Amino acid sequence: MARPDIAWLPGDGIGGEVLEAARLVLDSSGFEASYIPGDIGWEFWRKEGTPLPDRTIELLRSTDCALLGAVTSKPNADAIRELPERFRAKGVRYSGAVLRIRRMFDLYTCLRPCRAYPGNPGNRTEGIDITIFRENTEGMYSGAEWDKIPQELYNIRGMERVPRQAAITVRAVTRKASIRIAKAAFAHALEAPRAEVAPKPPTAVNGGAKHRVTAVHKANIMRATDGVFLAATREVAQGYPEVEYEEMLVDACAMQLVRDPLRFDIIVTTNLFGDILSDLCAQLVGGMGFAPSANLGDDYAMFEPSHGSAPDIAGQGIANPVAAVLSAGMMLEWLGEKDRADRVERAVAEVVREGRVRTPDMGGPDGTMAMATAIAVKLKQGT
Ligand code: IPM
Ligand code: MG
């Protein structure tokens, strides 16, 4: 792409700081783009009654992809409390900005690599290299929820098991969405080389297969929804005999990830399990400061660090920008700039390995921009 248009969405909390850091790195890589700033986040919920104004949606429609810093999201009661009376009177309800974008643009793949960069003091063990493919449009994030069960639902057989006063959320799993996330995971398994920056020990994947995909589910309890999901992953797996395939219950998976993270390679799972496991995996490789993510659709993509807006440290210039920098790197790759993306990741790996610059989450004294500058310098030196 010649000179892409990128929607630049700092959001709130530490979002602006980490994006400024990412921008320094992007510029130092020699990458040229038009960055068009957009309004998103809590401030706009409070001022305009929506965290995602229509003009921002238009901006997304008119750009090639988006880079997001972070947005605050709070439970309903807190959100309503902070809303001005004039919106409350209109019955405005909070609907998370990130979730709306994921759904609106059908960004069905949430790709979350978790790599232990050698020498990172937060690594649980060296050599961890796990890639999570999280279904990003449905599951427990269907948005179909009731504080109190509507009468009509009570007439459906099976509902007598649910207490009358219960609040309910619909877990929606389709074959279509399950097939496409599984295909994304297996296609990645075929293409992805073993990461150079965090080589896996040769024992990590058994059976001689280059990659292993683990489908994570709870089909012994959520028989209908995860039944659909597993049927889809099995079907897709058949088309990839060269990739090792296994299935694991989500609770066992959480335990195994802590016990023996090196046995994992690619995880494919439904939305909420992916959300939870990606935080767990982030912590295995140094915490949320090392957790980038890509929300990918067929026509559009949004890149964002997996962390939240961290209001407790916002404005202090101490947030670790690596997750944002790596997210920007994933954006470069998606835009067809694979070499540049690799250079960014190598620069990050090199700065981490040297250990001269470390943000507080890594046990060091350095700030956001010091880290970004160190990465930018390495990048220019062409490591
Ligand atoms: C994430 C976040 C989001 C999610 C929140 C902010 C809506 O936790 O990207 O992992 O739950 O997907
Ligand atoms: Mg999350």
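Each residue takes its place number in the sequence, starting with 1. Quick caveat, the model's predicted, so the values are computed rather than measured.
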Pairwise distance CZ(Arg212) to CD(Glu244) - rounded to 0.5 angstrom: 4.5 Å

Lys/Arg-Asp/Glu bridge criterion (N-O < 4.0 Å) met for Arg343, Asp339: no

Distance-only side-chain donor-acceptor flag, Thr214 / Tyr245, under 3.5 Å: no

OG1 on Thr233 to CD1 on Ile181, rounded to 0.5 Å: 11.5 Å

Closest non-hydrogen atom pair between Ala21 and Pro321, with its separation: CB-CB, 3.4 Å

Arg88 side-chain N/O to Leu83 backbone N/O, donor-acceptor pair under 3.5 Å: yes

Salt-bridge contact Glu138-Arg103 (side-chain N to carboxylate O under 4.0 Å): no

By side-chain contact (heavy atoms from CB on, under 4.5 Å) - contacts of Arg259 (at least two apart): Met255, Gln256

Interatomic distance, Leu9 atom CG to Phe303 atom CZ [nearest 0.5 angstrom]: 12.5 Å

Any donor-acceptor N/O pair, Arg134 side chain to Leu111 backbone, under 3.5 Å: no

Salt-bridge criterion met for Glu20 and Arg23 (N-O under 4.0 Å): no

Exam field: side chain Thr368 to backbone Gly317, donor-acceptor pair closer than 3.5 Å: yes

Euclidean distance, Thr359 OG1 relative to Asn320 CG, rounded to 0.5 Å: 3.5 Å

ILVMFWY cluster, Val322 and Leu68 together (side-chain gap under 4.5 Å): no

Partners passing salt bridge (charged side-chain N to carboxylate O under 4.0 Å, His left out) against Glu32 (at least two apart in sequence or in another chain): Arg3

Ionic contact status for Glu304 with Arg102, cut-off 4.0 Å: yes

CD-CD1 distance between Glu235 and Ile179, expressed to the nearest 0.5 angstrom: 4.0 Å

Cluster check Leu99, Val170: I/L/V/M/F/W/Y, side chain < 4.5 angstrom: no

All N/O donor-acceptor pairs, side-chain side in residues 91-98, below 3.5 Å, sequence neighbours left out:
from: Tyr94; atom 1: OH; to: Thr72; atom 2: O; distance (Å): 3.4

Whether Asn136 side chain and Leu107 backbone form a donor-acceptor pair below 3.5 Å: yes

N-O pairing of Glu43 and Lys47 below 4.0 Å: yes

Backbone N/O of Val348 and side chain of Glu350: donor-acceptor pair under 3.5 Å: no

Cation-pi geometry met for Arg124 and Phe290 (6.0 Å, 45°): no

Trace of the side-chain contact (heavy atoms from CB on, under 4.5 Å) decision for Thr174 with Val228: CA-CA 7 Å; Thr174 62; Val228 168; 5.8 Å; no

Listed once per pair and sorted, the side-chain hydrogen bond (donor to acceptor under 3.5 Å, both in side chains) pairs that draw on residues 48-59, sequence neighbours left out: Asp39-Arg55, Glu48-Arg55, Glu58-Arg61

From Thr270, Thr225, Thr269, Asp251, residue fulfilling side-chain hydrogen bond (donor to acceptor under 3.5 Å, both in side chains) relative to Lys218: Asp251

For Glu17, salt bridge (charged side-chain N to carboxylate O under 4.0 Å, His left out) partners two or more places apart: none

side-chain hydrogen bond (donor to acceptor under 3.5 Å, both in side chains) against Trp8, all qualifying residues, sequence neighbours excluded: none

Under the side-chain hydrogen bond (donor to acceptor under 3.5 Å, both in side chains) test, residues paired with Glu333 that sit two or more places apart: none

Pair listing, side-chain hydrogen bond (donor to acceptor under 3.5 Å, both in side chains) test, anchored in residues 272-286, at least two apart: Arg112-Ser278, Tyr141-Asp275

4.5 Å side-chain heavy-atom contact, Phe44 and Pro51: no

From Asn295, Thr137, Asp298, residue fulfilling side-chain hydrogen bond (donor to acceptor under 3.5 Å, both in side chains) relative to Tyr108: Asp298

Nearest non-hydrogen partners of Phe273 and Asp226, listed with the distance: CE1-OD2, 3.6 Å

Test side-chain contact (heavy atoms from CB on, under 4.5 Å) applied to Arg100 and Ile57, step by step: CA-CA 10 Å; Arg100 273 186 71 202; Ile57 297 171; 3.6 Å; yes

Single-linkage hydrophobic cluster Leu335~Leu26, side-chain heavy atoms < 4.5 angstrom: yes

Carboxylate-amine/guanidinium contact Arg356 Asp366, below 4.0 Å: no

Listed partners of Arg358 passing salt bridge (charged side-chain N to carboxylate O under 4.0 Å, His left out), at least two apart: none

Any residue meeting salt bridge (charged side-chain N to carboxylate O under 4.0 Å, His left out) with Asp106, in chain and number order, not counting sequence neighbours: Arg180

Audit row: Ile6, Cys65, side-chain contact (heavy atoms from CB on, under 4.5 Å) steps and yes/no: CA-CA 5 Å; Ile6 296 169; Cys65 64; 4.1 Å; yes

Within 6.0 Å of NZ in Lys176, more than 12 heavy atoms from elsewhere: no

Same apolar cluster (I L V M F W Y, side chains within < 4.5 Å links), Val325/Met362: yes

Any donor-acceptor N/O pair, Trp45 side chain to Ala79 backbone, under 3.5 Å: yes

Donor-acceptor pair, side chain of Ser142 and main chain of Ala144, under 3.5 angstrom: yes

Closest heavy-atom pair and its distance - Cys253, Met248: CA-SD, 3.5 Å

Can I get a per-line list of side-chain donor-acceptor pairs under 3.5 Å for residues 149-157, giving both atom names and the distance, sequence neighbours left out?
from: Tyr154; atom 1: OH; to: Val162; atom 2: O; distance (Å): 2.8
from: Tyr154; atom 1: OH; to: Pro163; atom 2: O; distance (Å): 3.4
from: Tyr154; atom 1: OH; to: Arg164; atom 2: N; distance (Å): 3.1

Aromatic plane relationship, Phe31 with Tyr35 - under 30° parallel, 30 to 60° tilted, over 60° perpendicular: perpendicular

Residue list, side-chain hydrogen bond (donor to acceptor under 3.5 Å, both in side chains) with Asn120, at least two apart or on another chain: none

Heavy-atom neighbours of Gln238 CD exceed 12 at 6.0 Å: no

Shared hydrophobic cluster, Met302 / Val344 (ILVMFWY, side-chain heavy atoms < 4.5 Å): no

Leu280 side, atom CG; Leu257 side, atom CG - distance, nearest 0.5 Å: 5.5 Å

4.5 Å side-chain heavy-atom contact, Ile128 and Cys114: no

Cationic N near anionic O, under 4.0 Å, Glu246 to Arg263: yes

